[in-house]
Each structure stands twice: as structure tokens, then as C-alpha cells.
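Notes follow the structure.
One-based numbering along the sequence shown.
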Amino acid sequence: MPIIEVQNLTKSYGERTALRNVDLRVDREDFFVVVGPSGAGKTTLLRLLDLLEEPTSGHVFFDGTDTACPEKEKVVLRREIGMVFQRVNMLNTSVYENVAYPLRIRGVRDKIAERVDEVLELVGLRGFEKRKAVTLSGGEMQRVSLAQSLIFDPELLLLDEPTANLDPRNVNIIEGIVSKVNRELRVTVVMATHDIAQTENLASKVAVLREGALAEVGNAKEIFRRPSEFLATFTEPWNVFRGQVHSVQDGLALVDLGDNVRIETATRKRGKVTVFIRPEEITLSASPIQSSARNTLQGRVTEILDLNQQVQLKVDVGKEFAVIITKKSFQDMRLNLESQLYLNFKASSVHVL
């Protein structure tokens, strides 16, 4: 039995329909990510799953129970659900009291200190008990919010873009925590995000929302192996370009992207096409190399973003490409802004939509 099942779910606010006829299923221990651009309906869906709002039509089933039930029963169901919002609100008191608060309002009196200690250890904030919560950094506050949502051992954890306003270091910390909660504590997670790299790192299943409707849903690996044009074009850090096929020979097409940039791809399509290249499938070199890569483009580094163990570069070759490499490779190549280098990638790495 799924932990969450949504049937024909619709939510309207006056004349505006935020969700339209959504059907999906979340199995136990899934890491289910709802992805889509701003305004797609992600937050609305999570608020309905958290039973904070009533659907205009349709049904939400939690652990087999229709949540269109009396308020008393709904309160019991909500006690099994943890929710972390994008914007964090802390009580003007200590970290300890903030984390203990969900237990106190549930009437729990035993072993509160022990449980607070355990959950602060989980989120990497042991020793912060006496600190005033409102004085913490944004990343630390978000971890306190996670601790609040985990202290009562929820069956379901809902995350509404929990890293949207954080720096890369804190993003990495939060991702590590929620991944551990899912894998080791076996808590089912449903997370809303517009970050495709994050989705790929964490998700077991993915639902794509577009203007309130479910555009696609399925296994994460299958969806990202050949993402739809919609999924590719609204996200970062995909390299998505539109171009014109100039010639097709022996299964290889030469695609003109404009700005004197031409690349080869394995397709028989003709005319106008949209292509994308995953940043991880591009290798860098200081000079042209002999390899099986059909595409070699010369450019200069225009942006460097530290992702902890990885580094994301923007490289201008006429078009701007995003490339992700390990920090060791970045250091070994001694790259800086304006560094000249070559991008290399196979024709098979150029996906035609």
C-alpha cells in the first residue's frame, strides 16, 4: 500500500487554478521529488499533502485513509507528517526549546532531552542547545527546522525547496541530512524543488509539474536519461541550445547553433532541433586532444561556482556552456576566470529533443 495516493486532485484560488487533475502515488521509503518552475504548483501540492489546505476536488489518501475526514482524525494523521518550509520561522528562544516544541504540543513529557540530543546530532548541531535560534545563520536555522520535523519520528517528511536560499556548502549539508534520513531511517520524503542537479542527486522517483498539471512522472534514472524538452529547458545547469541541422551523413548530423558554434550529434533528424549536453559529460583540456570525442570547442572561463567536492564552470565558446568537474581536476588544471581551454564531448552526449 502506498503511503500517499493522490487522485484527480485540483486546487483553485478564486479564478486561478493552482493544481489541475493530478494523480500520483508515493510508495514507502521513496525519495519522491516534485520538480517544476516557479508557479507550477509545487508548494500547493505539498500544502495539500500536509493537510494544511483542502482540495477543491479530488482526494488525498495517507496510509490508506482518505484525508477528507473529520478534523479530529485529520489531526491524528498530521502528527505523522513533518514539514520543512522554504522560509524558516524560529521561536525567539533557545535551539533546545525550538526543537523540543513539537514534542511538547503533542503532550510528550518523557525523554525530551534525550530525543533533542539525538536529533541535533543527526542535523550536525549538537552543542547548539543554548544558542538563541533567531541568531543562527540561514543554513543553521534550516537544520533546526529539519530537527523540529524529525523529532517526533514522522512517517512522511515534506520539504518545500529547503535549500533555495542557501549557499553551496549549506545546500550540501542539507542534502546529506535528508538523504541519510531517507536511506538509513527509512523515512519517506517528498521534496519540491526547481533544482535539477539536486533532483538527480537525491530522487528515486520524479514528478514534473507544468502550470499545475502533471507533465510526467516516473523513475528518476529513466526520466533523466532522456529528459523532455520542457524538463531540459526550464532548468539549470543543462546546456540547452536550439539549432539547425546542416547535414546528415552516416548517422551523424552537423548542427549549427549560431555564433560560429557547430557540433556533431548522432541523429537523423533534419531542420530545426533542440539539443542538450549534460555538464558531467564534457571533459576539459588545456589543448586539443586525440580521443573518440567528435566535438572539441575552444573557449574561456567566465564563471566559477564552488559546489564543495565539485566545481561548476561557465565556458564561453561563442555559446556559454556549463561544465562540472571535480575539485581536484579544477586545482590540477589551475583554472581561473579567463583561463583558455577546450571542451570535449562525444556525439552521443548531444541529446536531440
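A 4.5 Å side-chain heavy-atom check between L156 and D63 finds every atom pair outside the cut-off. In this structure the side chain of E118 never reaches within 4.5 angstrom of the side chain of K111, judged on heavy atoms. Looking only at side-chain heavy atoms (C-beta outward), V84 and Q148 stay at 4.5 Å or farther from each other. Using a 4.5 Å heavy-atom threshold, the side chains of L122 and L146 count as separate. F152 has its side chain out of reach of R79: every pair of non-hydrogen atoms, C-beta onward, lies at least 4.5 Å apart. V88 places none of its side-chain heavy atoms less than 4.5 Å from the side chain of V144. Side-chain contact between V171 and Q198: present, with at least one pair of heavy atoms (C-beta onward) separated by less than 4.5 Å. Taking the side chain as every heavy atom from C-beta outward, K205 and V217 never approach each other to under 4.5 Å.
Atoms CG and CD, on L335 and Q331 in that order, are 10.5 Å from each other to the nearest 0.5 Å. Distance check, rounded to the nearest 0.5 Å: NZ of K346 to CD1 of I277 gives 15.0 Å. Here the straight-line distance linking atom CG of L49 with atom OG1 of T44 works out to 11.0 Å at 0.5 Å rounding. Distance check: R300 CZ to L341 CG gives 11.0 Å after rounding to the nearest 0.5 Å. Taken from CZ in R262 to CD in Q244, the straight-line distance is 10.5 Å, to the nearest 0.5 Å. Considering OG of S348 and CD of E281, their distance stands at 7.0 Å, rounded to 0.5 Å.
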- prompt: Is there a side-chain contact (heavy atoms from CB on, under 4.5 Å) between I3 and D30 once you walk through the steps?
  reply: CA-CA 9 Å; I3 189 169; D30 274 349; over 6 Å; no
task: Apply the test side-chain contact (heavy atoms from CB on, under 4.5 Å) to residues I4 and V190: give CA-CA distance (whole Å), side-chain angles for both, the deciding distance (0.1 Å), then the verdict.
output: CA-CA 10 Å; I4 289 288; V190 178; 5.5 Å; no
Check against side-chain contact (heavy atoms from CB on, under 4.5 Å), V189 and F32: CA-CA 6 Å; V189 177; F32 194 104; over 6 Å; no
Pair R294-L252, side-chain contact (heavy atoms from CB on, under 4.5 Å): steps then yes or no: CA-CA 10 Å; R294 301 284 303 188; L252 288 176; 3.7 Å; yes
message: Working note: E97 + S94, criterion side-chain hydrogen bond (donor to acceptor under 3.5 Å, both in side chains); need CA distance, chi angles, decisive distance, verdict.
response: CA-CA 5 Å; E97 290 300 328; S94 68; 5.0 Å; no
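Applying side chain to side chain contact (heavy atoms under 4.5 Å, CB included) to K319 and the options L297, V261, I263 leaves one that passes, V261. With L9 as the partner, the side chain to side chain contact (heavy atoms under 4.5 Å, CB included) test is satisfied by one option alone out of N21, V60, T56, D23: V60. Test T93, V116, V134 against N98 for side chain to side chain contact (heavy atoms under 4.5 Å, CB included) and you get one pass: T93.
With respect to the salt-bridge test (charged N to carboxylate O, under 4.0 angstrom), the residues D27 and R25 qualify. E216 has no carboxylate O lying under 4.0 Å from a charged side-chain N of R210, or vice versa, which leaves the two without a salt bridge. Salt-bridge formation is not detected for the pair D160/R87: no Lys NZ or Arg NE/NH1/NH2 atom is positioned less than 4.0 Å from an Asp or Glu carboxylate oxygen.
The backbone N or O of I151 sits less than 3.5 Å from a side-chain atom of R115, completing a donor-acceptor pair. S339 contributes a side-chain N or O that, together with a main-chain N or O of N336, makes up a donor-acceptor pair within less than 3.5 Å. Side-chain atoms of D50 do not come within 3.5 Å of backbone N or O of L52 as any donor-acceptor pair. A donor-acceptor pair is defined here as one N or O able to donate and one able to accept, closer than 3.5 Å; such a pair exists between the side chain of T267 and the backbone of K269. A donor-acceptor pair under 3.5 Å is formed between the side chain of K42 and the backbone N or O of P37. Of the possible polar contacts, one joining the N182 side chain to the V187 backbone as a donor-acceptor pair under 3.5 Å is found. Within the 3.5 Å criterion, the main-chain N or O of L166 finds no donor-acceptor partner in the side chain of T163. The closest donor-acceptor contact from the side chain of N295 to the backbone of E264 lies under 3.5 Å. Side chain of R20 to main chain of E211: a donor-acceptor pair is present (N/O by atom type, distance under 3.5 Å, no hydrogens or angles). Side chain of E129 to backbone of G127: a donor-acceptor contact under 3.5 angstrom is found.
L257 and L254 sit in two unconnected hydrophobic clusters of ILVMFWY residues. Membership requires side-chain heavy atoms under 4.5 Å apart, directly or through other members. Under the 4.5 Å side-chain heavy-atom criterion for ILVMFWY residues, no single connected hydrophobic cluster contains both I112 and L91. In terms of hydrophobic clustering, with Ile, Leu, Val, Met, Phe, Trp and Tyr side chains grouped at heavy-atom distances under 4.5 Å, Y342 and V323 are assigned to different clusters. Criterion: ILVMFWY side-chain heavy atoms under 4.5 Å apart, direct or through other members. Under it, Y101 and V108 are not part of a common hydrophobic cluster. A chain of hydrophobic side-chain contacts below 4.5 Å, direct or via other Ile, Leu, Val, Met, Phe, Trp or Tyr residues, connects M333 to L343.
Geometrically, K11 engages Y13 in a cation-pi contact, judged by NZ or CZ lying under 6.0 Å from the ring centre and within 45° of the ring axis.
Defined by atom type and a distance below 3.5 Å, a donor-acceptor pair is present between the side-chain atoms of T296 and N344. At a cut-off of 3.5 Å, with distance as the only test, no side-chain donor of R47 or T43 sits close to an acceptor on the other residue.
L51 and K74 make their closest contact through CD1-CG, 3.7 Å (heavy atoms, listed as atom of the first residue, atom of the second, distance).
Taking a 6.0 Å sphere around CG of N260, one finds it holds 12 or fewer heavy atoms contributed by other residues, nucleotides or ligands. Dense packing is recorded around CD of E80, with more than 12 heavy atoms of other residues, nucleotides or ligands lying under 6.0 Å away.
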